[in-house]
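Everything numeric here is computed off the predicted structure, so don't read it as measured data. Lettering follows sequence order; numbering is per chain, from 1.
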Protein chains: 2
Amino acid sequence: MENSCELCIYRSYLFDNLDKKEFALLTLSKKELEFRKGSIICREGEKIKSFLYLKQGLLKIYKNVDNRREQIIGITKPKDFIGLLSAFNETTHLYSISALEDSSVCVIDIEAIKNLVIKDGSFALNLLGKMSKINDQILGTRLNINLKNLRGRIAYILLMFREIYKSEIYDIPVSRKEIAELIEMRTENVIRILSELRKDKIIRIEGKSIEILDLHRLEQIAEFG
Amino acid sequence: MENSCELCIYRSYLFDNLDKKEFALLTLSKKELEFRKGSIICREGEKIKSFLYLKQGLLKIYKNVDNRREQIIGITKPKDFIGLLSAFNETTHLYSISALEDSSVCVIDIEAIKNLVIKDGSFALNLLGKMSKINDQILGTRLNINLKNLRGRIAYILLMFREIYKSEIYDIPVSRKEIAELIEMRTENVIRILSELRKDKIIRIEGKSIEILDLHRLEQIAEFG
DNA sequence: CGCGGCTTTGATGTTCATCAAGTAAAGTGG
DNA sequence: CCACTTTACTTGATGAACATCAAAGCCGCG
């Protein structure tokens, strides 16, 4: 069902106001790709050829800093646009993207999007808004995290995944090391603080399995450290 | 000379490809405002009514965190767009902006810009690129700063102002406290490290007056701490 | 002239990174 | 399928980097 965009429930409202002809054109230059957990969708420095839209799954956006370390910029939820950060700026990706879970990604040729921007002004305006929002959100998160102490950061992350999975019980899709890379701390401290929170009966944690036991206190910690 | 935009040497290339009619329309809804050093251009939470462009001077973009502290997000140089971050997203400013030096700002009605985006596709595309670039730059800077130790951050800031003023000798336009707020450290440590750098003969500093004596070593410090 | 904010230096304390070492889990090749 | 290797996870001990506290001089401003 390659051409089922019209009925796609994951479709962004961004494409809602397109006329039939425009929509058809977009659908034509669209592919849907599956990525297995752990596989890489694009690498920093590669040429940007497509406009990416996450239909299902979970991705991480990151940068390599040293040889062995990554800096995770953010986690992408379904219905998010990906790589929107640099799509209209540089011709190469500024960040790498990989799949944290098995994911399904809609791939639209970047030139088709650019043509659409030129032809359809209200589409352009919508896109500007969307882009603005994503950027604000990412920057806001970074600033926020740096104001918190380590306990606060861990609490923040646990609450973030609660939002994503809409549940107090979930399997955390990232390793301890990746948590550290996401919130600028060391793996050892991630583990230490998770253990503390367990001892304090705020969470139950066993391997990847998380349960938030005391949501109120966790929120307090996220807010004030 | 309110209507001298056509000849304005500070004008952004963004407006270069507009046709006469579009340009006239823009010029019509444009004002040029002067801000004295220290005065506030807009406040976090205020309604966005204009699209701002810095003609001359220097501004800081910041957020209030506690009652008494600010988090400086960035410094705006001439020819930069301001508040582009949230202009198309929220209807209220996400950040406050104030003048670090006497500044001259071009103010264009936001609706005029939005109309232009809708009417002129290549203008929209240019704007997307511009916005993308600014956001990438700000995010990149934040990530970068957090990887450095305090010495590295101070070195970075000193080099940043060198870029802005195109000189190894300049008056630093911000207080020690503001430097701290810009690179996420404490005022006392800013002072301490500036003193260290002076003792090491890497800079000369006396009040606001700065001279970079050993550029090479300063660059080394900025890179590796 | 006195008040408040900025600057500076020193002393002290806390937080977090680093180092070390061991267990568990997961991938790899014969 | 099992030995082997590598990667992830965990805990404790140590130290360095940075924040905080305190005190005093300085400057501009009403």
Which nucleotide wins on minimum distance to the side chain of N149(A), given the candidates dC9(D), dC16(C), dT7(C)? dC16(C)

I need the CG-C1' distance between N189(A) and dC9(D), as an integer number of Å. 14 Å

Which whole-number value in Å describes the distance from R192(A) CZ to dA20(C) C1'? 12 Å

For R43(B), is the CZ atom crowded, meaning more than 12 foreign heavy atoms sit under 6.0 Å from it? no

In this structure, how many angstroms lie between the C1' atom of dA16(D) and the CZ atom of R151(B), rounded? 15 Å

Compute whether any side-chain donor of one residue and acceptor of the other, for Q56(A) and Y10(A), lie under 3.5 angstrom apart. yes

Without decimals, in angstroms, what is the distance between E181(A) CD and dT7(D) C1'? 13 Å

Below 4.0 Å: OP1/OP2 of dT11(D) and any side-chain N or O of S195(A): yes

Measure from the side-chain heavy atoms of L150(B) and tell me the nearest of dA19(D), dT11(D), dA17(C). dA19(D)

Checking only heavy atoms, does the side chain of R186(B) share a donor-acceptor pair with the base of dT15(C) at less than 3.5 Å? no

Between dT7(C), dT9(C), dC16(C), which one does the side chain of R176(B) approach most closely? dT7(C)

For dC9(D), take OP1 and OP2 only and decide whether either is under 4.0 Å from a side-chain N or O of K208(A). yes

Separation of dC6(C) atom P from E206(B) atom CD, nearest Å, is 21 Å

Assess, by modelled atom type and distance only, whether the side chains of E32(B) and S104(B) contain a donor and an acceptor separated by less than 3.5 Å. yes

I154(B) atom CD1 is separated from dA17(D) atom C1', nearest whole Å, by 15 Å

So, do Y62(A) and Y95(A) have ring centers that fall under 6.0 Å from each other? no

Between atom CD1 in I191(B) and atom P in dC26(D), what is the gap in whole Å? 15 Å

Looking at E188(B) and dC21(D), is any side-chain donor or acceptor paired with a base atom of the opposite kind under 3.5 Å? yes

Send over the distance from R198(A) CZ to dT10(D) C1', rounded to a whole Å. 9 Å

Partner of I202(A) under side-chain contact (heavy atoms from CB on, under 4.5 Å), chosen from I221(A), I212(A), L158(A), L215(A): I221(A)

